[in-house]
Amino acid sequence: MSGRRRETTSGTTQTTLTTSATPPFDFAGTAYSNGWAVLAPNRWESDHCTLRRTERLGPGRVVYLAVTGDGSVRSPRIRIEVSHEGDLQASERAAVRSAVRRMFRLDEDLAPFHALCRTAGSRWEPASRGLGRLLRSPTLFEDAVKTICTTNVQWGGTKAMVRRLVEYLGEPGPPAGSTAETETRISVSGQDPNAFPTPEAIAAASGKTLEAARLGYRAPFIRELAERVASGDLDLEVLRRPELVTEDVRRRFLAIKGVGAYAAATLLMLVGRYDHLAVDSVYRAFVTERYFGGESPQDREAERIYDEWGKWKYLGFWYDLWQGPEEDL
DNA sequence: TTCCAGGGGTAGA
DNA sequence: TCTACCCATGGA
C-alpha cells in the first residue's frame with residue numbers, strides 16, 4: 001500500500017492509494033459483475049474502466065473514490081484515487097483500503113472455483129482467469145438493504161429506489177474541486193451522489209421521507225432492519241465470519257423481515273458462500289430456455305442443474321448466465 | 001387496463 | 001411443509 005497526495009485549487013485534496021490483488025484477478029470483470037456497480041452511490045464508467053463511489057468515513061467525513069485496475073491479471077494492482085478535504089489520516093486510509101478490498105473481495109480465495117471452471121468445459125474455462133469475485137458493498141447493511149430492494153421489482157425500479165434512499169438520507173461529500181482532473185470526473189460522471197445512508201439515518205427518517213423514496217411494501221422491512229442494526233439488536237457483520245456454519249448464517253438471514261429464500265441466497269453469496277442458488281425470475285427464465293427447451297420446470301428441478309458445482313453452485317450459475325443462452329450445450 | 005418484476009409475510013390447512 | 005392471498009410501485 002502506498003500513497004501520493006495532490007492539492008487542488010478548491011481546497012479538495014486528491015490522495016492516490018494502491019493495493020494489490022491475488023492473481024488471477026480481472027478488475028473489470030469484478031467491478032461490473034452483478035449490477036452492484038450501478039447501484040448508488042456506486043457508478044461505473046465503462047469507457048475508463050473506473051468504479052466511482054461516494055464513501056462515508058465518519059460523521060461529516062465523506063470522500064469520493066475512483067477505483068481502477070492496472071490491467072494485469074498475473075500481478076494485479078488496484079489504484080484508489082481519494083478526493084477529500086483536509087488531511088487523510090492513516091486510519092482513514094486504512095478504512096478506504098479496507099472498504100475497497102471488501103468490495104472487490106481481494107482476500108477471498110476463489111482458487112477452488114477456478115479449478116472447477118478449468119474442468120467444467122470450454123464454456124467455463126474463461127472464468128478461471130480471474131472472474132467470480134462479484135462486487136459487494138463495504139458493509140453488509142448496505143448489501144442487505146440493496147438486496148431487499150431487488151425483490152419483486154424490475155432492475156430499473158431497484159436502481160431508482162436505491163438512488164432515492166441515497167439522495168434523501170445519505171450524507172453529501174465535499175464540493176467538487178476545479179482542477180482539470182476533477183473537471184474530467186464531473187463531466188464524465190455527472191453530479192456526485194451522497195454516501196449510502198447509515199442505519200441510524202434510515203432508522204431516524206420521517207415517514208414522509210421513506211414514503212418519498214417509494215420503496216413500496218419494502219419500506220417497513222428496511223426501516224426495521226435499520227432500527228435493529230442501529231440499536232445493536234442485530235449485528236450483521238458477525239455473519240461474515242467464516243467459522244460459522246452456512247445453514248446457521250442462512251437461518252439468520254431468513255430471520256430478517258423482507259428476506260426470503262432468494263434474498264438469503266443472495267446475501268450468502270455476498271458473504272462468500274455460494275452453496276445456495278438465488279432462484280428468481282431471471283434464474284427461471286435462463287434455465288428454462290437453456291436446459292428445458294422452453295418448458296418451465298418446477299423450481300426443485302431447475303435447481304438441480306447446478307448440483308455438480310456443490311458449494312460453488314451460485315458462481316457456476318452466475319457464469320453460465322454471464323455467458324448467455326446462445327452457445328451450444 | 002392488466003400483468004408481473006432480480007419475492008416475501010401471513011394465515012390456514 | 002404447502003398453498004392461497006395479499007402486499008406498493010412502476011414499466012411493458
Side-chain angles (χ1 to χ4, degrees), chain A residues 31-40 42 44 132 134-137 140 142-169 202 205-228 234 236 247 249-271 273-291 294 296-303 305-306 313-325:
Chain A
Y32 200 72
S33 54
N34 62 345
W36 250 224
V38 297
L39 290 184
N42 297 334
W44 173 245
L134 309 191
L135 193 72
R136 57 187 178 184
S137 306
L140 194 45
E142 180 177 333
D143 277 337
V145 170
K146 287 179 171 175
T147 297
I148 291 173
C149 286
T150 66
T151 59
N152 199 23
V153 67
Q154 292 179 337
W155 182 242
T158 297
K159 288 193 288 184
M161 283 189 276
V162 173
R163 186 176 63 245
R164 288 189 290 263
L165 271 176
V166 166
E167 181 180 348
Y168 301 155
L169 293 168
I202 296 178
S206 70
K208 281 191 173 179
T209 303
L210 274 191
E211 192 177 324
R214 284 178 283 171
L215 305 173
Y217 64 88
R218 304 163 196 82
F221 301 150
I222 290 172
R223 163 95 76 186
E224 181 177 317
L225 174 64
E227 287 173 344
R228 291 182 64 197
L234 175 63
L236 282 175
E247 291 311 307
V249 179
R250 180 171 183 267
R251 273 191 287 274
R252 290 166 76 171
F253 282 139
L254 287 170
I256 298 170
K257 281 195 179 175
V259 173
Y262 153 82
T266 301
L267 286 166
L268 284 171
M269 173 275 288
L270 289 164
V271 297
R273 298 170 188 264
Y274 307 100
D275 319 53
H276 289 267
L277 292 161
V279 178
D280 56 10
S281 60
V282 171
Y283 181 93
R284 294 186 184 99
F286 177 77
V287 299
T288 294
E289 181 177 355
R290 180 166 169 77
Y291 296 104
S296 299
Q298 296 290 317
D299 278 356
R300 285 179 183 169
E301 195 180 356
E303 288 190 59
I305 293 295
Y306 299 98
K313 61 180 63 165
Y314 189 107
L315 289 181
F317 160 66
W318 166 77
Y319 191 71
D320 207 7
L321 180 68
W322 171 285
Q323 286 285 58

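Order of the sequence lines fixes the chain letters, A, B, ..., with proteins taken first and strands second; residue numbering starts at 1 for each chain.
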Pick the C1' atom in B/dT1 and in C/dG11, then give their distance to the nearest Å.
14 Å

Which value, in whole Å, describes the distance between the P atoms of nucleotides C/dC2 and B/dG6?
26 Å

Could you tell me whether [X] contacts a base, only the sugar-phosphate backbone, or nothing, with contacts defined as non-hydrogen atoms closer than 4.0 Å?
{"X": "A/A160", "answer": "nothing"}
{"X": "A/G258", "answer": "sugar-phosphate"}
{"X": "A/Y283", "answer": "nothing"}
{"X": "A/A219", "answer": "nothing"}
{"X": "A/I256", "answer": "sugar-phosphate"}

Determine, stepwise, if the pair A/H276 / A/E247 fulfils side-chain hydrogen bond (donor to acceptor under 3.5 Å, both in side chains).
CA-CA 10 Å; A/H276 289 267; A/E247 291 311 307; 2.7 Å; yes

Using whole Å, report how far [atom1] of [X] lies from [atom2] of [N].
{"X": "A/L254", "N": "B/dG9", "atom1": "CG", "atom2": "P", "result": "8 Å"}
{"X": "A/Q298", "N": "C/dT3", "atom1": "CD", "atom2": "C1'", "result": "13 Å"}
{"X": "A/K159", "N": "B/dA5", "atom1": "NZ", "atom2": "C1'", "result": "14 Å"}
{"X": "A/N152", "N": "C/dG11", "atom1": "CG", "atom2": "P", "result": "15 Å"}
{"X": "A/D299", "N": "C/dT3", "atom1": "CG", "atom2": "P", "result": "11 Å"}
{"X": "A/L225", "N": "B/dG9", "atom1": "CG", "atom2": "P", "result": "12 Å"}
{"X": "A/L135", "N": "B/dG6", "atom1": "CG", "atom2": "P", "result": "20 Å"}
{"X": "A/I222", "N": "C/dA8", "atom1": "CD1", "atom2": "C1'", "result": "12 Å"}

May I have the step-by-step check of side-chain contact (heavy atoms from CB on, under 4.5 Å) for A/L225 and A/K257, ending in yes or no?
CA-CA 8 Å; A/L225 174 64; A/K257 281 195 179 175; over 6 Å; no

Any side-chain N or O of A/K257 less than 4.0 Å from the OP1 or OP2 oxygen of B/dT10?
yes

When you check the phosphate oxygens OP1 and OP2 of C/dA8, does a side-chain N or O of A/R218 lie under 4.0 Å from one of them?
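Checking C/dA8 against A/R218, no side-chain N or O comes under 4.0 Å of OP1 or OP2.
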
For A/L236 and A/I256: C-alpha separation, side-chain torsions, deciding distance, then whether side-chain contact (heavy atoms from CB on, under 4.5 Å) applies.
CA-CA 10 Å; A/L236 282 175; A/I256 298 170; 3.9 Å; yes

Would you list the protein and nucleotides 2-4 of chain B atom pairs, both N or O, that sit under 3.5 Å from each other?
none

Which is more 5' along DNA chain B, the nucleotide nearest A/V153 or the one nearest A/A261? Just name the residue.
A/V153

Could you work out which one of [options] sits closest to the side chain of [X]?
{"X": "A/V282", "options": "C/dC7, B/dG6, C/dT9", "answer": "B/dG6"}
{"X": "A/Y217", "options": "B/dG8, C/dA8, B/dG6", "answer": "C/dA8"}
{"X": "A/R300", "options": "C/dG10, B/dG6, C/dC2", "answer": "C/dC2"}

OG of A/S33 to CG of A/L134: how many Å apart, nearest 0.5 Å?
4.5 Å

Using the aromatic ring of A/Y262 (for Trp, its six-membered ring), decide whether it stacks on the base of B/dG6 within the limits of 5.5 Å and 30°.
no

Is it true that A/K313 and A/D275 make a salt bridge, defined as a side-chain N closer than 4.0 Å to a carboxylate O?
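A/D275 and A/K313: not salt-bridged.
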
Among A/W322, A/Y291, A/Y306, A/Y274, the one residue meeting ring-ring contact (aromatic ring centres under 6.0 Å, His included) with A/F317:
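Considering A/W322, A/Y291, A/Y306, A/Y274, a ring-ring contact (aromatic ring centres under 6.0 Å, His included) with A/F317 is found only for A/Y306.
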
Near A/Y32 OH, under 6.0 Å, is it more than 12 heavy atoms from other residues, nucleotides or ligands?
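Atom OH in A/Y32 is not packed in, count stays at 12 or less.
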
I need the full list of salt bridge (Lys or Arg N to Asp or Glu O under 4.0 Å) pairs touching residues 206-220 of chain A, with sequence neighbours left out, sorted by first then second residue.
none

